[in-house]
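Quick caveat: nothing in here was measured; it's all calculated off a predicted structure. Protein chains get the first letters and strands the later ones, always in sequence-line order, with residue 1 at the start of each.
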Amino acid sequence: MNEIPLSARPVRVRFAPSPTGPLHMGGVRTALYNYLFAKKHGGAFLLRIEDTDQARFVPGAEEYILESLRWCGIVPDEGQGVGGPHAPYRQSERKPMYRQYAQQLLDSEHAYYAFDTPEELEAIRELALTAGNPNWQYNSITRGSMKNSLTLPAEEVERRLASGEAYVVRAKIPRNEEVKFQDIIRGWVSVHTLNLDDKVLLKGDGMPTYHLANVVDDRLMDITHVIRGEEWLPSAPLHILLYRFFQWEAPGFAHLPLLLRPDGNGKLSKRDGDRLGFPVFPLDWHNSETGETASGYRERGFLPEAFLNMLAFLGWNPGDNREVFSLAELIDAFQLHKVHKAGARFDFEKAKWFNQQFLRNLPPASLAHLLKDDLLRRGVAVPAPAYLEKAAVLLLDRAVFSSDLYENGSYLFHAPAHYDAEMMSKKWTADSPARLRILAERFAALPAFSAEAAEGVFKSYLTETGLGFGILGPVLRLAVNGVTVGPSVFDIMALLGREESLKRIHAACDAN
RNA sequence: GGCCCGUUCGUCUAGCGGUUUAGGACAUCUCCCUUUCACGGAGAAGAUCACGGGUUCGAAUCCCGUACGGGUCACCA
């Protein structure tokens, strides 16, 4: 398995979230970078579920992760939900496998049994804290005075083990050594083992901790590159050490910069979302405990490719001035080592701009489809396909989200429910109804009703009466649209058709 | 607090020792287009490249320090 040097093996990367809640956008970006890197190099992208903490398991979280990736179009080649040669891909189901690796470390004396209870450890930490040490560690110095297989007589250890007493397996970190590794994004990173502690590898419940599980699984699943968040950087040296203990070649590492919150300090957290008026999750998340719903990008109206494009550019760019990229183009242009080192502050305005770009590039048929879905959701009658498409195209310039199509142009789907009060008082006069009725008569008399013909009628009426466009134009608009903004009123009337247009003009005259 | 990582316009960033009077995008403002709103186009404003020392003929780019920011210090991931 390790005869072929890492660099020569086909690229295999993994996204390994833990199902402790909804995946947030930072997680999606990590998945995306992994995916882009894999595809760029013709490799495989795997999805592994890290559910070794049974206390933090959240029902529905795994399904949420799977659905989020599916919506984004980040399809795993292998892993939870799709299967593969290294199944199972859920760590809880791999539980028996980890024990033998812990044993291997125990046998080679790179790990040891520890019997200290969580309560005892907590007491020691508290004591250390009052003594002025805020950071007590179970390490090469303190382990000599703890209850473990290094300090206890062999028979005593045997006895405790045999009696079924709870224990953990801890890594035996060497005392005085510099651990170095070359991060693909950050370059050389080095940490002295004096600053590392004897991390628990196997927990009291027999489950591995993240540290053991990720190293073992990455090895077993033939992972060549570990691409994960910066929050893992401090424990990367431990992982390097673990690979060495096992005498395994370590994969390449790349620690991604964090996504920062738009206001104040700190990383973007799951709680920041709706508080600041934008989603932090890909999909809506319904918290069954609190009954609250956190909003998602999908439901907010984002196109998956726009969402991905936006995320990709939070920390990376192709080095030229292009900004709008399809997933395929992202794969082509992506370079992991070009990822920025510093954290990126998220900006929702820019996110909206990306969506607008993608929306505008959509073919009319797709646009019509999105509009139809939106109308259905709102319970608005859906017009014929040809009408739908023309309406969508007509309204496109004013839309950032597909939902804006209807929100800014509801008058294309039903008569205005009311007339803009402010504009009415400004533009509608006592003469308006009479003028509109004359126009209506002339529209009715047109041999063929079209935008050009209607505009012709309107303009000749203006020259005839000497009225300015600014006087009568808004009045016509109010009658037809209810508002004074939007596409050309003649285009709107042409789409509505003569009958509907006349109906609205008369209705407005009657009502005002 | 210890350790680790980072620091270019308000924001995302380009830049890898000379081609830079530091480029682009979002946001802001102005003008044009449109007798509406948007779209589009043109332009403006906005960064003494955190600061201080080096190295060099020459530094945003290399080195060291300081400051600031972030991450991390669990039988969580």
Nucleotide nearest A:E230 when distance is taken to its side chain, options B:rA77, B:rC5, B:rG23 = B:rC5
Closest to the 5' end of RNA chain B, once A:K341 and A:N195 are matched to their nearest nucleotides, is A:N195
Below 4.0 angstrom from OP1 or OP2 of B:rC75, is there any side-chain N or O of A:K199?
-> no
For B:rC51, give its Watson-Crick or G-U wobble partner with both distances under 3.5 Å, or none.
-> B:rG65
With sequence neighbours excluded, what pairs up with A:V400 under the side-chain contact (heavy atoms from CB on, under 4.5 Å) test?
-> A:K352, A:Q356, A:D404
How is A:Q137 classified with respect to the nucleic acid when contacts are heavy atoms under 4.0 Å: base, sugar-phosphate, or nothing?
-> sugar-phosphate
To the nearest angstrom, how far is A:N361 atom CG from B:rC39 atom P?
-> 15 Å
Does NZ or CZ of A:K338 come closer than 6.0 Å to the centre of the six-membered ring of A:W316, within 45° of the ring's axis?
-> no
Six-ring centre of A:F115, A:R160 cation under 6.0 angstrom, axis tolerance 45° | yes
Rounded distance in Å between the C1' positions of B:rU21 and B:rC64 | 31 Å
Where along residues 128-136 of chain A does a heavy atom come under 4.0 Å from RNA chain B, residue by residue in number order?
-> A:N135
Using a cut-off of under 3.5 Å, enumerate the N/O to N/O pairs linking the protein to nucleotides 9-15 of chain B.
from   : atom 1 : to     : atom 2 : distance (Å)
B:rC12 : OP1    : A:R345 : N      : 2.9
B:rC12 : O2'    : A:F313 : O      : 2.9
B:rU13 : OP1    : A:G315 : N      : 2.8
B:rU13 : O3'    : A:N317 : ND2    : 2.7
B:rU13 : O2'    : A:N317 : ND2    : 2.9
B:rA14 : OP1    : A:N317 : ND2    : 3.3
B:rA14 : OP2    : A:H340 : ND1    : 3.1
B:rG15 : OP1    : A:K338 : NZ     : 2.7

Applying a 3.5 Å limit to both distances, which nucleotide forms a Watson-Crick or G-U wobble pair with B:rA44?
-> B:rU28
With sequence neighbours excluded, tell me which residues meet side-chain hydrogen bond (donor to acceptor under 3.5 Å, both in side chains) with A:E126.
-> none
Among B:rG6, B:rG71, B:rC76, the nucleotide that comes nearest once only the side chain of A:R186 is considered | B:rG6
Tell me: CG of A:L47 to C1' of B:rA77, nearest whole Å?
-> 15 Å
A:I185 CD1 to B:rC4 C1', in whole Å, measures 15 Å
When we call it a touch if two heavy atoms are under 4.0 Å apart, what does A:D197 touch: a base, just sugar-phosphate, or nothing?
-> nothing
Relative to A:F346, does A:R261 satisfy both conditions: NZ or CZ under 6.0 angstrom from the six-membered ring centre, and within 45 degrees of the ring's axis?
-> no
Could you give the CH2-to-C1' distance, from A:W232 to B:rC73, as a whole number of Å?
-> 13 Å
Partner of B:rU21 under the Watson-Crick or G-U wobble criteria, both distances under 3.5 Å, comes out as none
Listed by chain and number, what are the side-chain contact (heavy atoms from CB on, under 4.5 Å) partners of A:Q104, not counting sequence neighbours?
-> A:Y101, A:F246
Let me know the distance between CG of A:L241 and P of B:rC3, rounded to the nearest Å.
-> 19 Å
Contacts of A:P251 meeting side-chain contact (heavy atoms from CB on, under 4.5 Å) (sequence neighbours excluded), chain-then-number -> A:V226, A:Y243, A:F253
In whole angstroms, how far is the C1' atom of B:rC75 from the CZ atom of A:R56?
-> 13 Å
How many Å lie between CZ on A:F253 and P on B:rC5, as a whole number?
-> 15 Å
Please measure how far the P atom in B:rA59 lies from the corresponding atom in B:rG71, and state the result in whole Å.
-> 35 Å
Which part of the nucleic acid, if any, lies within reach of A:R322 when heavy atoms closer than 4.0 Å are counted: base, sugar-phosphate only, or nothing?
-> nothing
For residues 183-196 of chain A, the salt bridge (Lys or Arg N to Asp or Glu O under 4.0 Å) pairs (sequence neighbours left out) are A:R186-A:E230
So the salt bridge (Lys or Arg N to Asp or Glu O under 4.0 Å) pairs with at least one residue in residues 20-30 of chain A (sequence neighbours excluded) are none
How far does the P atom of B:rA67 sit from the matching atom of B:rG10, given to the nearest Å?
-> 24 Å
Is there any salt bridge (Lys or Arg N to Asp or Glu O under 4.0 Å) pair reaching into residues 457-478 of chain A, and which pairs are they, with sequence neighbours excluded?
-> A:R442-A:E464, A:E455-A:K459
Output the single nucleotide from B:rA25, B:rC4, B:rA77 whose closest atom is nearest the side chain of A:W353.
-> B:rA25
Using the test side-chain hydrogen bond (donor to acceptor under 3.5 Å, both in side chains), find all partners of A:Q103 that sit at least two apart in sequence or belong to another chain.
-> A:D107
Residue pair A:E178/A:P208 against RNA chain B: nearer the 5' end by closest nucleotide is A:E178
Interatomic distance at C1', B:rU34 relative to B:rG15, whole Å = 40 Å
Give one of base, sugar-phosphate or nothing for A:P118, where a contact means two heavy atoms less than 4.0 Å apart.
-> base
Determine the interatomic distance between C1' on B:rG69 and the same-named atom on B:rC62; round to the nearest Å.
-> 24 Å
Using purine N1 to pyrimidine N3 plus N6-O4 or O6-N4 for Watson-Crick, or N1-O2 and O6-N3 for G-U wobble, both under 3.5 Å, which nucleotide pairs with B:rC16?
-> none
Would you please name every residue forming a side-chain hydrogen bond (donor to acceptor under 3.5 Å, both in side chains) with A:E329, sequence neighbours left out?
-> A:S326
If you measure from the C1' atom in B:rU72 to the same atom in B:rA60, how many Å do you get, rounded?
-> 30 Å
Table of protein N/O atoms under 3.5 Å from nucleotides 32-38 of chain B N/O atoms:
from   : atom 1 : to     : atom 2 : distance (Å)
B:rU35 : O4     : A:F469 : N      : 3.3
B:rU36 : O2     : A:T484 : O      : 2.9
B:rU36 : O2     : A:G486 : N      : 3.1
B:rU36 : O2     : A:G486 : O      : 3.4
B:rU36 : N3     : A:R477 : NH2    : 2.9
B:rU36 : N3     : A:G486 : O      : 2.5
B:rU36 : O4     : A:G486 : O      : 3.2
B:rC37 : O2     : A:R398 : NH1    : 2.5
B:rC37 : N3     : A:R398 : NH1    : 2.4
B:rA38 : O2'    : A:D397 : O      : 2.3

When the C1' atoms of B:rG43 and B:rU55 are considered, how many whole Å apart are they?
-> 42 Å
Does the side chain of A:H340 come under 3.5 Å of the side chain of A:N317 through a donor N or O and an acceptor N or O?
-> no
For A:T117, which contact category applies under a 4.0 Å heavy-atom criterion: base, sugar-phosphate, or nothing?
-> base
Using atom CG of A:L233 as one end and atom C1' of B:rG71 as the other, report the distance to the nearest whole Å.
-> 8 Å
What does A:K267 touch in the nucleic acid at a heavy-atom separation under 4.0 angstrom: a base, only the sugar-phosphate, or nothing?
-> sugar-phosphate
What nucleotide among B:rC39, B:rG24, B:rA77 has an atom nearest to a side-chain atom of A:R360?
-> B:rC39
If we call it a pair only when both distances are under 3.5 Å in a Watson-Crick or G-U wobble match, what pairs with B:rA59?
-> none
